[in-house]
Amino acid sequence: MLRQYELVDKVLAYDPEADEALINRAYVYATKMHGSQLRHSGDPYFSHPIEVAGILTDLRLDAATIITGLLHDTIEDTDATPEDISSVFGQEIADLVDGVTKLSQLEWDSEDAKQAENFRKFLLAMSNDIRVLLVKLADRLHNMRTLHHHPKEIKRRRIAQETLDIYAPLAGRMGMHEFREELEDLSFQVINPEARAAVEKRLEDFRSESGDVIDRIRDRIEEIYSGSGLNVEVQGRQKRPYSIWRKMQRQATSLEQLSDIFAFRVLVSDEPNCYQALGILHRRWPSVPGRFKDYISTPKNNGYRSIHTTIVGPEQRRVEIQIRTRDMHEVAEHGIAAHWIYKDADAKTPGQTYADTFGWLRQLVEMLEHGGSAEEFLEHSKLQLFSDQVFCFTPKGRLINLPRGATALDFAYAVHTKIGDTCVGCKINGPHMPLRTPLQNGDEVEIIRSDAQSPLPIWESYVATGKARSAIRRALRHTQLEEFELLGRQMVRSLFEAAGKHAEDQILERALGGLGYKQLSDLFTAVGEGINSAHEVYEQVFPGEAKGKSWKKAKTKKLKNDDPLNAKPLVRLREGVRGHAIRFAKETFPLPGDRIVGILTPGEGVVVYPISSALLEPFDNEPDRWVDVTWDIQDQDADTFVTRFSVRASNEVGALGAIATLIADYEGNINNMTLAQRDIDFYDIELDIDVRDSKHANRIVNALNGLTVVNAVIRI
Ligand code: MN
């Protein structure tokens, strides 16, 4: 375990102006907060954050990141709160620690390999401060190094698989190849120890057969550069067992090829030297055709630069060689975490080097925060690719990837078309939210469904994805036809009953030929849609008999209702549906602007309810009776509608007067007032008020809530 002064010295070695006192304080804080907690290894828990901080110093990261490494488990595993961290270490560090905590709390199902790529994107998108990810990767690396202490094999395997699926490729994406290789190899040991042992065995055999081949070849390559005037360093190393094994899998090769096992590097001082070194190498040994790649003139997306070539080299062995400058090498090993070294290689004054040292990080963070121009800065990075996406979760942790701007309703359709079609509401991170709410990265979305639900026309305006839109259209057309048929059947039946006849199918079929339909369902649909009238059907079935019958009267009588408003002039059924009585449900007081829905009752017509009405519950299991209705107000300003408020007011002098005055000020007209209950300190009043629409009503509710004498107001 790194001692306090060792850690501080490591930071000061590359960042002489780092806040030494703050690092010391974080070190002490972490040891104190984790106290007597132990790791599976039996070590004190605080050894873990200290090692994580140590790994981060290897990447030469700024003091804030090192301190975050020290504190990264305090919120999750100790009594510390983000507020505590903020007050002791400042907001920047508190935000970083909070970010790492959030990433650590993400759970995902490692069985679902298809989601690994999504998850990597998600982590990138989540971490608008890239330092959060660097700490998380260092955390994972240390946990992998100590994973063998974990007592449960199933847990060890799960963690290793997650590392292999998520964190190792994530490190690779950020160009941190050293991290990536170590993470992969540690996972490989847990997941497939037999394969790893087999690779190790083969490597051992190979070494005993060919002796110290790596040193011999390195010496031979070094020789050719002596006298060239180039400042050259040649490195040879054995590849990691996991990458050898993967290559064997991919190419079904054995371990015969030296170039599959060892990699050699020629490190030089500057870019022109790279090409000189390449020339010298190719003059001495023949190159293998098709193996030359120049990533210096054309860098990889993650900023990697190097020349790759394979030669038939010393001892007639194929040798893979990478030629690069020392700065390029730093980037190749540490990726995004090394950019500052790379960038500042030519800075002459120590001050300037220092000022720019962490500039790239700050710049990156700033640009990610402000969006847009991150692209310029990150032209070599893939990070900006995900700014047009949001990543959300189901309550069970399934990741759903949507375009930015997608809503909860899109989410429902992305999970499954049937879930979209039947959704009635949603919860986002807990509270109920409207289905049209745009989603943010990391939102957990729970869709609430009802089998009675079917897509509403307004939904089309809620969604951003093509999948949701086309599903809604398809479902609408389908239910529309079904409803037209049902409506038509009902209209015909009502009319026949009014005339004292039974509308049996056998009898109604007589109308088919005359009206040009092949089956009754088509006929009913036509009546429902208004193409034919029920009257026409009657005339077809009983020719001549219709004369003299007073349809209107019969209908009016039959469909008379005693509700506050006959809804006919105010709302309409879906386009094309007519000839059907519509009325409002009793005591529900819907207003224009409220979402409403109709329930078809045979023999009675359509009864309109506010969508939120509890009275709708009995119809939940009768989807066939639900019909869409919309407000159809001709003259918005002319009509007023009655609505009912329930007000709980303080029992004090002048309270009622204040309420009445306010309502009048807001152009509401009090129709009726009922004192529902009176207590020592409050009373409940029911007010029937004339208003223009739901907005008007809501304005009054809000204003009433602002009165000190009012405790609560709700619209019934
Ligand atoms: Mn940790």
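Side-chain atoms are counted along with the backbone in the values below, which use heavy atoms only and exclude waters and symmetry mates. Each ligand, and each atom within it, is numbered from 1 in the order the structure gives.
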Between Arg145 and Glu51, does any side-chain N to carboxylate O distance fall below 4.0 Å?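 Judged by the 4.0 Å cut-off on N to carboxylate O distance, Arg145 and Glu51 do not form a salt bridge.
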Pairing donors with acceptors under 3.5 angstrom, does anything connect the side chains of Asp62 and Thr65?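 Yes, because at least one side-chain N or O of Asp62 sits under 3.5 Å from a partner of the opposite role on Thr65.
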Proximal heteroatom of [X] relative to the Mn ion (ligand 1) (N/O/S):
X	result
Asp139	OD1
Asp73	OD2
His72	NE2

Lys201, NZ: over 12 other non-hydrogen atoms inside 6.0 angstrom: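 At most 12 heavy atoms, drawn from other residues, nucleotides or ligands, come within 6.0 Å of this atom.
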Check whether any N, O or S atom of His48 sits under 2.8 Å from the Mn ion (ligand 1).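 Within the cut-off used here (under 2.8 Å), His48 does place an N, O or S atom near the Mn ion (ligand 1).
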When the aromatic ring centroids of His148 and His40 are compared, is their separation below 6.0 Å?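 Here the rings of His40 and His148 have centres that are no less than 6.0 Å from each other.
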